[in-house]
Amino acid sequence: MLSIEQAQAHILSDVPRTGAEQVPLASAYGRVLAETIRSPRHVPPWDNSAMDGYAVRAADIPSDGSDVRLELLEIVGAGRMPEHVVRSGTASAVMTGAPIPEGADAIVMVEHSDGAREGHVTLRGPVREGQHIRRAGEDIAEGSVVLGPGARLTPGRVGLVASLGVPSLLVSRRPVVAILSTGDEVVPPGRPLKPGQIYSSNNATLAGLVHEAGGVPLDLGNAVDDLDALRTRLGYAVHEGHLVVTTGGVSVGTYDLVKQVFEELAGDSLDFWKVRMKPGKPLAFGRVARGGRTIPLFGLPGNPVSCMVNFLQFVRPWIRTSMGDPRPFLPVIDAVAGEDIPEKPGRAKLLRVVLDSADGQVVARLTGTQSSGALSSMAAAQGLLLLAPEAGGVKAGEAVRVQVVDAQFLAGDTPSYGW
Ligand code: AMP
Ligand code: MG
């Protein structure tokens, strides 16, 4: 049996990049940057006022805090250029964001004035040279590298690019992920069930997982356990997708024909593994050459939980890597077990847990049955508690590692500022 790491190393050894496309900033959120962004300018472009106030020469203001009366030259609103030089004995009113007039070296905030009248203003010190002045290039210097390839585009980063005046970005294309479930018993929701049939949950979970990973799901429905049906559907999937994910038919049951059709498509590149993990042991992986591209085939187990857990360990990192994300793996945090969890050594365990953050630590508790068919306990899971293959169980209070699958466990029903 292969370890998870060995299977991952093989799968991620040669991931083709998806290529890049130019998108407007409004569509850039969540994408992975595919270029280096250097600032074409200083941000802010010139020294400007951080306050509504008066631009002065600091030396004019008494340092003992007593008042001084200065001649008022002009009022400079944001978006206007000053017209007068501030010389000794004079001041100009400036609004927040307005350029600093020549000659001025400090801003006195409006609260430290009497408000201007009759062409004069009375100001109170003390004043430090440079106070309340935002310097040109203070945020971003011209020519500096702002973001590089592989950066995930958060709202703040997209805004940063906007502040440079850059209207669009080169980002990695989203890979199209063809999703095909297999099995005679599997029926899409919305159709009546015949005896012995079940509804497919895998198409729906995979579509969501692909989306979350940054790919574009292409749901091709279900193929019955029949060689010709599988050949037709998989042929189409390979034609349409940057990668293909199937579920079911990779264990050792009589009707597990996916493996055979994968072999026809992927030839010698096909690996059919038993990965030393629970849930999710069977996994098929191969590569198909199509039109100058290499399309990976992932044959995931049919069990709904195994399917999801396998996707998160193998397919998600492939998708992220194909888009150039240098951190393709899910976050892993330190936590403590909230209960005794008896387990036997053998395979690596990924146990479904809910997470609670309290008193500086995260507590992990099982979501209930860990059967690989019980989707309800996966639906409730915020993390996968990681137990090494050689490890037995853990006792309540023991340190554990948890792969976070839903960071919303930190979200609150109250603001929880704690002040
Ligand atoms: P298999 O991997 O084909 O042996 O299937 C393992 C288990 O997963 C069986 O109980 C199947 O009925 C179930 N299963 C297979 N495909 C799906 C699916 N698309 N949605 C929900 N359950 C499935
Ligand atoms: Mg089956």
Side-chain angles (χ1 to χ4, degrees), residues 1-2 7 177-212 215 217-234 236-237 241 243-266 270-286 297-316 347 350 352 367-381:
M1 280 205 282
L2 240 61
V177 184
I179 298 167
L180 181 69
S181 68
T182 71
D184 283 340
E185 78 281 28
V186 178
V187 176
R191 300 240 191 102
L193 286 183
K194 298 200 186 93
Q197 293 186 322
I198 57 163
Y199 286 120
S200 173
S201 55
N202 291 345
N203 296 78
T205 51
L206 287 173
L209 287 165
V210 166
H211 199 81
E212 186 278 332
L218 176 67
D219 184 358
L220 300 181
N222 182 69
V224 291
D225 293 315
D226 167 87
L227 274 179
D228 284 331
L230 283 168
R231 282 187 188 116
T232 309
R233 297 292 197 104
L234 274 171
Y236 183 72
L243 62 156
V244 176
V245 178
T246 68
T247 76
V250 288
S251 49
V252 288
T254 319
Y255 298 104
D256 290 346
L257 303 172
V258 171
K259 190 186 157 197
Q260 186 178 333
V261 181
F262 267 26
E263 250 156 19
E264 292 171 10
L265 284 165
L270 184 76
D271 282 300
F272 179 69
W273 295 314
K274 289 186 180 4
V275 184
R276 203 182 310 129
M277 66 189 283
K278 185 181 154 190
K281 185 162 68 173
L283 174 68
F285 178 79
L297 304 178
F298 290 87
L300 306 185
N303 269 314
V305 177
S306 310
C307 163
M308 289 186 74
V309 170
N310 263 350
F311 179 97
L312 291 171
Q313 310 316 308
F314 305 113
V315 187
R316 187 183 184 282
R347 291 189 268 160
L350 299 96
R352 284 147 264 167
T367 55
T369 168
Q370 296 292 311
S371 149
S372 57
L375 195 51
S376 56
S377 69
M378 188 67 190

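One-based numbering, in listed order, for ligands and for the atoms of each.
- At least one N/O-N/O distance between E185 and ligand 1 falls below 3.5 Å.
- Listed by atom number, the atoms of ligand 1 under 4.0 Å from V186 heavy atoms are 16 (N), 17 (C), 19 (N).
- Distance check: D219 CG to N203 CG gives 4.5 Å after rounding to the nearest 0.5 Å.
- Between F314 and F298, the gap from one ring centroid to the other reaches at least 6.0 Å.
- Proximity of S200 to ligand 1, defined as any heavy-atom pair under 4.0 Å, is shared by backbone and side chain alike.
- For P304, every heavy-atom contact with ligand 1 shorter than 4.0 Å involves the side chain, none the backbone.
- Judged by distance alone, with hydrogens and angles left aside, the side-chain atoms of N303 form no donor-acceptor pair with the main-chain N or O of S306 at under 3.5 Å.
- Of the inter-residue distances, the one linking N202 atom CG with C307 atom SG reads 4.0 Å to the nearest 0.5 angstrom.
- Contacts with ligand 1 closer than 4.0 Å are made by side-chain heavy atoms of I198 only, the backbone lying farther away.
- Distances from atom 21 (C) of ligand 1 to the heavy atoms of G299, P301, S201 show the closest one on S201.
- Of the possible polar contacts, one joining the R233 side chain to the N222 backbone as a donor-acceptor pair under 3.5 Å is found.
- Atom OH of Y236 has 12 or fewer neighbouring heavy atoms from other residues, nucleotides or ligands inside a 6.0 Å radius.
- Residue contacts with ligand 1, taken as heavy atom pairs separated by less than 4.0 Å, involve N202 via backbone and side-chain atoms alike.
- For ligand 1, the atoms closer than 4.0 angstrom to any heavy atom of N303 are 6 (C), 7 (C), 8 (O).
- Atom 3 (O) of ligand 1 has its closest protein heavy atom at G249 N, 2.9 Å.
- Between the side chain of T182 and the main chain of T247, a donor-acceptor pair closer than 3.5 Å is present.
- I198 is not listed as a side-chain neighbour of L193, based on a closest heavy-atom distance of 4.5 Å or more.
- No N or O atom of V250 sits closer than 3.5 Å to an N or O atom of ligand 1.
- At least one heavy atom of S251 sits closer than 4.0 Å to an atom of ligand 1.
- With G373, G302, S372 as candidates, the residue nearest to atom 15 (C) of ligand 1 on a non-hydrogen basis is G302.
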